[in-house]
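Ligands are counted one by one from 1 in listed order, and the atoms in each one are counted from 1 as well.
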Amino acid sequence: MQEMDIADKILGLLVGGHDTASVTFIIKYLAELPHVYDLVLKEQMEIAKAKAPGELLNWEDLQKMKYSWNVAFEVMRLVPPLEGAFREAITDFLYAGFSVPKGWKLYWSAHLTHQNPEYFPKPEKFDPSRFEGTGPVPYTYIPFGGGPRMCPGKEYARLEILVFMHNLVTRFKWEKVLPHEKIVVNPMPIPEKGLPIRLFRHNSSQSV
Ligand code: HEM
């Protein structure tokens, strides 16, 4: 590889690994949906209470965070961090009456796929129970893409998102400062003003 190719890969890894796993929208939805926040808190407190003071989370703890991960999944269904990506047709094929020649670039959209009511009834509804049991059928839920080029960081993302959720909810509740903040996509979706929030420590009326 040339030096520029290596730099390109490193940049790809940094952007792919940092901007996507941003938990901004988990924070946003948990502020807007207190009943969901309460269930996440309950699950995380049960894990926290079983630990000795200062003891870190381990792999078994992560396996118990089923509801929290379903919430994170539902957030990524409604706001996929990567809206979609391109593929190149490796052969001529027909799809829905359209003829796609070999070599054409095709855009697959996670955002539109996740809104398909055939697979996600009432797609606008925030419902983490969609992921219970066997969950959605293959290739209908694709925040990490699919196939051989699927995101290699998925399991690491799961780990960092769950550890972050645990440490946040077991310490704080929060509210949005701007109730009607706009979402912009540039190129990833983010709240226009950076989602300012007011944090409240548990067992304290003081905000921080
Ligand atoms: C919630 C977090 C994440 C989401 C939603 C996400 C999403 C995606 C998606 C949609 C793709 C394209 C997959 C495809 O074309 O089928 C991708 C590729 C990639 N992701 Fe992630 N990603 C996340 C976290 C991470 C992390 C933490 C890392 C690294 C530490 C990472 C590294 C990469 C790399 C290197 C690729 C390119 C893979 C290739 O082209 O072969 N991602 N990611």
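The distance from ligand 1 to the heavy atoms of Met150 drops below 4.0 Å at these ligand atoms: 16 (O). For ligand 1 and Leu13, the ligand atoms under 4.0 Å from any heavy atom of the residue are 29 (C), 35 (C). Listed by number with element, the atoms of ligand 1 under 4.0 angstrom from any heavy atom of Glu160 are 27 (C). Taking every heavy atom of Trp108 and a limit of under 4.0 angstrom, the matching atoms of ligand 1 come to 10 (C), 14 (C), 15 (O), 16 (O). Against a heavy-atom cut-off of under 4.0 Å, Arg87 is close to the following atoms of ligand 1: 14 (C), 15 (O), 16 (O). Close approach of ligand 1 to Gly146 is summarised as follows: ligand atoms under 4.0 Å from at least one heavy atom of the residue are 16 (O). In the vicinity of Met76, heavy-atom distances shorter than 4.0 Å reach the ligand 1 atoms 1 (C).
Using modelled atom types, one side-chain atom of Arg171 and one backbone atom of Asn167 make a donor-acceptor pair closer than 3.5 Å. Counting only distance, with no hydrogens or angles, the side chain of Asn116 and the backbone of Thr113 share no donor-acceptor pair below 3.5 Å. At distances below 3.5 Å, not a single donor-acceptor pair connects side-chain atoms of Glu192 with backbone N or O atoms of Lys182. With hydrogens and angles ignored, the 3.5 Å screen pairs no side-chain donor or acceptor of Asn70 with any backbone N or O of Ser129. Formation of a donor-acceptor pair under 3.5 Å by the Glu43 side chain with backbone atoms of Tyr67 is found in this model.
Applying the side-chain hydrogen bond (donor to acceptor under 3.5 Å, both in side chains) test to Lys176 and every residue at least two apart in sequence or in another chain returns Glu32.
Each of His166, Lys64, Lys49 was evaluated against Gln44; a single residue qualifies, His166, per the side chain to side chain donor-acceptor pair (under 3.5 Å) test.
Atom 21 (Fe) of ligand 1 has Cys151 SG as protein N, O or S atoms under 2.8 Å away.
Counting only non-hydrogen atoms, the option in Ala72, Pro143, Pro148, Ala85 that gets closest to atom 10 (C) of ligand 1 is Pro143.
In this structure, Met4 CE and Asp8 CG are separated by 7.5 Å, a value rounded to the nearest 0.5 Å.
Judged by the shortest distance from any of its heavy atoms, Pro81 lies inside the 4.0 Å radius around the atoms of ligand 1.
For atom 13 (C) of ligand 1, the nearest protein heavy atom (residue, atom name, distance) is Arg149 O, 3.2 Å.
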What's the verdict on side-chain contact (heavy atoms from CB on, under 4.5 Å) for Lys102 and Ile90, showing C-alpha distance, side-chain angles and the deciding distance? CA-CA 5 Å; Lys102 180 180 172 184; Ile90 53 172; 5.7 Å; no
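Between His114 and Phe120, the ring-plane angle classifies as perpendicular under the 30° and 60° cut-offs.
Side-chain rings of Trp174 and Tyr37 approach one another, their centers coming within less than 6.0 Å.
Considering backbone and side-chain N/O atoms, Tyr156 never comes within less than 3.5 Å of an N/O atom of ligand 1.
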